[in-house]
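Every value quoted in this text rests on a predicted model; they were computed, and no experiment measured them. Below, chain A is the first sequence line, B the second, and so on; all start at residue 1.
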Amino acid sequence: MMQQKARITSQQLREAQLQVDRFAMELEHCRDLSNTIVHVDMDAFYAAVEMRDNPELKDKPIAVGSMSMLSTSNYHARRFGVRAAMPGFIAKRLCPHLIIVPLNFDKYRVVSKQVGICLAPTSICSWVSCRIRSQLQMPRQDWPEERRRYFIKTGNSAENDEPGKEVNNLSEYELSASPLLFEDSPPDLQPPGNPSQVNCKEQNKLQIPQKSVVFGTSAEEVVKEIRFRIEQKTTLTASAGIAPNTMLAKVCSDKNKPNGQYQILPSRQAVMEFIKDLPIRKISGIGKVTEKMLKALGIITCAELYQQRALLSLLFSETSWHYFLHISLGLGSTHLARDGERKSMSVERTFNEINKAEDQYSLCQELCSEIAQDLQKEGLKVFLVLL
DNA sequence: GCGGATCAC
DNA sequence: TATGGTGATCCGC
């Protein structure tokens with residue numbers, strides 16, 4: 001490639017520059033800032049689940065996997081350089097006290113579904129992968145304050161509420177208006193009969209709500225609400241990114257990790273400001289090899305990627321330089337469906353098919369019951385309310 | 001259409 | 001002692 005580069009004449013480069021800039025102008029013309037994409041990412045997911053279920057592991061450096069291969073580590077272990085995809089025996093050398101916990105996929109799957117349910121009532125569309133990365137498209141209309149109010153759990157009652165235990169406690173009101181649509185909602189999360197009783201009197205139980213929170217309706221607030229719901233339901237924390245497209249939202253979700261969120265406001269200027277000094281390696285799709293190739297051309301940041309756009313169009317395939325140009329302009333997908341089909345049952349599929357469907361209601365009903373059945377197989381019980 | 005390379009997780 | 005498994009995409013043949 002370097003030889004190829006050496007053969008490029010300044011004339012060729014000028015022509016390439018014109019062609020690329022024409023294309024860049026078209027892209028700029030089509031820039032869409034009207035969507036809000038949220039990327040939710042669980043913090044050290046497997047390790048967090050293991051720590052939650054075994055308090056002895058708290059405050060200790062742990063990793064999940066085996067002596068041959070680790071899937072992830074907690075933040076304590078990361079201080080020693082212990083990372084995902086690292087062989088366990090090497091991690092042991094870096095951190096002799098490291099505790100390696102074997103994988104429990106069945107457990108992660110259950111928690112994953114729980115997190116998925118936490119997304120549903122705040123969004124119109126979500127997608128949850130088995131590894132718990134999830135993205136969702138908003139916006140929700142303004143809901144009444146009661147619907148955005150939560151009581152904060154106290155004590156240790158947060159973990160592992162048994163599915164189906166609290167069915168009897170569901171009130172008529174909760175079924176229709178509660179943000180919690182699942183059957184196994186802990187009783188202390190029920191909406192207030194009287195919103196003013198913020199500092200609740202004791203009810204001779206430990207798990208009495210003492211404080212309530214109300215989330216706003218901005219994207220930032222909705223995402224805070226989602227993370228709050230996840231933490232209340234699973235005792236695990238999540239980070240999130242909010243941006244006008246999926247590519248940026250994913251990068252953002254990493255920015256204030258763990259247990260934080262970051263938003264790129266929907267303006268061209270905000271996007272460009274964020275992109276400017278961002279190392280290209282942070283972008284999903286740019287791996288070790290591509291990073292190294294571009295580094296050889298003097299490209300580390302997105303701004304440099306843009307500067308070299310003409311050269312890149314001569315050295316790389318069309319798909320590749322188009323991809324690079326999109327990145328350097330801060331452009332990305334503004335919708336979640338990649339193609340028509342996805343294997344896993346998901347709310348996203350529901351959303352896409354509803355959009356196309358002639359008989360929206362009956363299809364929605366059908367797919368919702370499918371989702372419910374799916375979740376029941378995992379031992380979770382849900383109400384799906386068609387509005 | 002197939003296999004290799006790259007990438008995400 | 002010991003460095004994964006799977007699926008997606010792109011590319012060249």
Side-chain angles (χ1 to χ4, degrees), chain A residues 1 4 39-50 63-74 77-78 80-96 98-109 111-113 115-116 127-135 236 238-241 245-254 257-258 279-297 299 305 312-327 332-333 336-346 348-349:
Chain A
M1 199 176 271
Q4 213 179 320
H39 187 114
V40 179
D41 192 331
M42 296 300 290
D43 301 323
F45 182 46
Y46 297 171
V49 172
E50 298 301 338
V64 182
S66 70
M67 275 307 236
S68 327
M69 181 55 60
L70 301 180
S71 286
T72 192
S73 57
N74 65 2
R78 287 182 199 187
F80 292 86
V82 176
R83 294 274 131 74
M86 177 182 278
F89 71 95
I90 290 185
K92 274 280 195 186
R93 274 183 229 157
L94 290 171
C95 176
L98 183 72
I99 298 171
I100 298 181
V101 185
L103 288 152
N104 282 301
F105 280 116
D106 290 340
K107 224 158 72 171
Y108 314 143
R109 241 189 301 276
V111 187
S112 173
K113 293 277 183 188
V115 174
W127 170 68
V128 185
S129 82
C130 70
R131 284 243 177 106
I132 212 84
R133 299 281 136 123
S134 103
Q135 296 171 326
L236 305 173
S239 299
N245 64 57
T246 58
M247 178 231 122
L248 293 171
K250 173 145 173 57
V251 179
C252 287
S253 73
D254 213 42
K257 189 165 257 302
I280 51 166
R281 186 57 166 83
K282 295 271 184 189
I283 280 109
S284 175
I286 307 277
K288 232 180 192 167
V289 178
T290 313
E291 178 190 31
K292 205 171 173 180
M293 280 195 292
L294 293 176
K295 193 176 178 183
L297 299 171
I299 299 168
L305 192 67
L312 293 171
S313 78
L314 293 171
L315 293 178
F316 288 85
S317 69
E318 190 178 61
T319 7
S320 293
W321 73 258
H322 279 196
Y323 171 60
F324 293 148
L325 193 60
H326 272 87
I327 291 170
S333 173
L336 297 179
R338 249 190 282 281
D339 49 32
E341 259 319 63
R342 193 184 312 266
K343 263 213 186 136
S344 65
M345 192 62 227
S346 69
E348 180 194 351
R349 190 184 132 207

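- Following rounding to the nearest Å, A:Lys92 (NZ) and C:dT1 (C1') show an atom-to-atom distance of 15 Å.
- In this structure, the side chain of A:Ser73 engages the main chain of A:Val82 through a donor-acceptor pair within 3.5 Å.
- Looking at the side chain of A:Ser320, the nearest of the listed nucleotides B:dC7, C:dT3, C:dC11 is C:dC11.
- Comparing the C1' positions of C:dG4 and B:dC7 gives an interatomic distance of 15 Å, to the nearest angstrom.
- With rounding to whole Å, A:Phe89 atom CZ is found 6 Å from C:dT3 atom C1'.
- Between the CD atom of A:Glu291 and the P atom of B:dA8 there is a distance of 10 Å, rounded to whole Å.
- Of all nucleotides listed (C:dA2, B:dA8, C:dC11), B:dA8 comes nearest to the side chain of A:Arg281.
- Distance, A:Met1 CE to C:dG12 P: 10 Å, rounded to whole Å.
- The residue A:Ile90 sits close to a base: some heavy atom pair falls under 4.0 Å.
- Within the 4.0 angstrom heavy-atom criterion, only backbone atoms of the sugar-phosphate kind lie near A:Thr290; the bases stay farther away.
- Rounded to a whole Å, the NZ atom of A:Lys282 is 15 Å from the C1' atom of B:dA8.
- Contact check, A:Ser66 against C:dT3: no side-chain N or O comes under 4.0 Å of OP1 or OP2.
- Rounded to the nearest 0.5 Å, atoms CD1 (A:Ile286) and CD (A:Glu291) are 9.0 Å apart.
- Contact check for A:Leu312 versus A:Leu294: side-chain heavy atoms found under the 4.5 Å cut-off.
- Other residues, nucleotides and ligands contribute more than 12 heavy atoms inside 6.0 Å of the NZ atom of A:Lys107.
- When distances run from any side-chain atom of A:Ser317 to the nucleotides C:dC11, C:dT3, B:dC9, the shortest one goes to C:dC11.
- The distance from atom CE of A:Met69 to atom P of C:dT6 is 14 Å, rounded to the nearest whole Å.
- Side-chain atoms of A:Pro87 lie closest to C:dT3 of the nucleotides C:dC11, B:dT6, C:dT3.
- Side chain of A:Lys250 to backbone of A:His39: no donor-acceptor contact under 3.5 angstrom is found.
- Atom P of nucleotide B:dC9 and atom NZ of A:Lys257 are separated by 11 Å, given to the nearest angstrom.
- A:Ser71 comes within 4.0 angstrom of no nucleic acid atom, judged by non-hydrogen atoms across all strands.
- Taking atom CZ of residue A:Arg83 and atom P of nucleotide C:dT3, one finds them 21 Å apart after rounding to whole Å.
- At the heavy-atom level, A:Ile283 lies under 4.0 Å from the strands shown only through sugar-phosphate atoms.
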